[in-house]
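Throughout, numbering of the chain's residues begins at 1 and tracks the sequence.
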Amino acid sequence: MMRSSRNFLLLLVLLWAASPHSWAFADTQPPVTNLSVSVENLCTVIWTWDPPEGASPNCTLRYFSHFDNKQDKKIAPETHRSKEVPLNERICLQVGSQCSTNESDNPSILVEKCTPPPEGDPESAVTELQCVWHNLSYMKCTWLPGRKTSPDTNYTLYYWHSSLGKILQCEDIYREGQHIGCSFALTNLKDSSFEQHSVQIVVKDNAGKIRPSFNIVPLTSHVKPDPPHIKRLFFQNGNLYVQWTNPQNFYSRCLSYQVEVNNSQTETSDIFYVEEAKCQNSEFEGNLEGTICFMVPGVLPDTLNTVRIRVRTNKLCYEDDKLWSNWSQAMSIGENTDPTFYVSMLLATPVIVAGAIIVLLLYLKRLKIIIFPPIPDPGKIFKEMFGDQNDDTLHWKKYDIYEKQTKEETDSVVLIENLKRAPQ
């Protein structure tokens, strides 16, 4: 009995080995042929190939492919594969054929094809090439010149996305300090769902002296909204309610908010992070779409409160949530102390002090006499007592001096006359 069972199993094994299906899966298929690579648009790389020659007719061919370092493995029946990739370096694809969709099966010998390396000195390529989609309306790209680049290099930026029929050139080239930039409109997309869209960018010069620099910007990242607009502020039940409108082109569910409240009394700033802005208040019934409300608790109504808001995209709709908008224009509410009195006092105080100093300088001597009265001079009293004698004595002294001067003048005249009469 056991011998017959073994013979039956052996017979089944021999039959399976002799079947064509076993040959198809056991044998390794020939490699693909005519593998080629081409570039469309700016950064769309396409590989194409032909089926292997001499493949088993009972094999349903599948093609196993992956990029460098075995990234993005794929098994598919198509004889082509494409990928959006910045062409700043060489990109290689390896392709093989097999008869199943199981990755563990041994494919044929892998055939490799690479994109040509970029031309030019790597240090001549621009650096820090970054692009930001502002308010879903226009894209702004900036970069720095390469190390080995002439200062008078004329840069050109080309861009392409799926809604364009051809590659376009950015015309608005400008400089901001060391950075160079260019802006172009980006609003006309084929559909409102742009999760799979991206913008292909290349920066180079017309003379071909620098190495081109490529970039791919997904439209689900690097999005910066415009600032929101505050519509009104009001107090109710000890809480501050803030109402604002979102920037255009954005849904409320796709944005996160930051509300800053500055209090004039405490001189502090409170920042509130808002993921979902809603207010249960009758004041906001019937508001239009895009109007947002937030309640700020614990705000003192008898002081001046200044509010401003900024927004950013969230990960519910976008991949990037790092770019905040600029702050909105500030709006204030509460009692504002009139600063006119304090300004007037601040300006008048120096004038008052200066006038007081001048008055003190003019009347300092009189003030000194009042505070410190003079001590009587004994010599002056003695002089007043004997004033007549002193006057007579002074009169005779003046007379003697006069007589002496008259005599000297007479003697001088007589001497001159005698000298004239003397014989020559």
Interatomic spacing from [atom1] in [X] to [atom2] in [Y] - rounded to 0.5 Å:
{"X": "Tyr159", "Y": "Cys131", "atom1": "OH", "atom2": "SG", "answer": "12.0 Å"}
{"X": "Ile292", "Y": "Ile309", "atom1": "CD1", "atom2": "CD1", "answer": "10.0 Å"}
{"X": "Trp47", "Y": "Arg81", "atom1": "CH2", "atom2": "CZ", "answer": "8.0 Å"}
{"X": "Gln200", "Y": "Ile167", "atom1": "CD", "atom2": "CD1", "answer": "8.0 Å"}

Judged by modelled atom types alone, do [X] and [Y] share a side-chain donor-acceptor pair under 3.5 Å?
{"X": "Thr306", "Y": "Ser332", "answer": "yes"}
{"X": "Asn263", "Y": "Thr303", "answer": "yes"}
{"X": "Glu53", "Y": "Thr33", "answer": "no"}

For the side chain of [X] and the backbone of [Y], is there at least one donor-acceptor N/O pair under 3.5 Å apart?
{"X": "Ser97", "Y": "Ser108", "value": "no"}
{"X": "Glu123", "Y": "Lys148", "value": "no"}
{"X": "Asn314", "Y": "Leu316", "value": "yes"}

Does Glu176 form a side-chain hydrogen bond (donor to acceptor under 3.5 Å, both in side chains) with Thr142? I'd like the steps, not just the answer. CA-CA 9 Å; Glu176 291 181 347; Thr142 58; over 6 Å; no
Does Glu119 have more than 12 heavy atoms from other residues, nucleotides or ligands lying within 6.0 Å of its CD? no
According to the interplanar angle, ranging from 0 to 90°, do the rings of Phe64 and His66 count as parallel (below 30°), tilted (30 to 60°) or perpendicular (above 60°)? perpendicular
Angle between ring planes, Tyr241 versus Phe234, binned at 30° and 60°: parallel, tilted or perpendicular? parallel
Going by side chain to side chain contact (heavy atoms under 4.5 Å, CB included), His134 matches just one of Lys140, Met139, His222. Which one? Lys140
Which heavy atom of [X] sits nearest a heavy atom of [Y], and at what distance?
{"X": "Ser325", "Y": "Pro227", "value": "OG-CA, 3.9 Å"}
{"X": "Phe67", "Y": "Asp72", "value": "CD1-CB, 3.7 Å"}
{"X": "Asp226", "Y": "Asn135", "value": "N-OD1, 3.0 Å"}

Between Cys170 and Cys182, is a disulfide bond (SG atoms under 2.5 Å apart) present by the stated rule, with each step listed? CA-CA 7 Å; Cys170 182; Cys182 192; 1.7 Å; yes
Ser183 vs Asp172, side-chain hydrogen bond (donor to acceptor under 3.5 Å, both in side chains): CA-CA, chis, key distance, verdict: CA-CA 6 Å; Ser183 301; Asp172 186 17; 4.7 Å; no
Check whether the ring centres of Phe294 and Tyr257 lie less than 6.0 Å apart, and answer yes or no. no
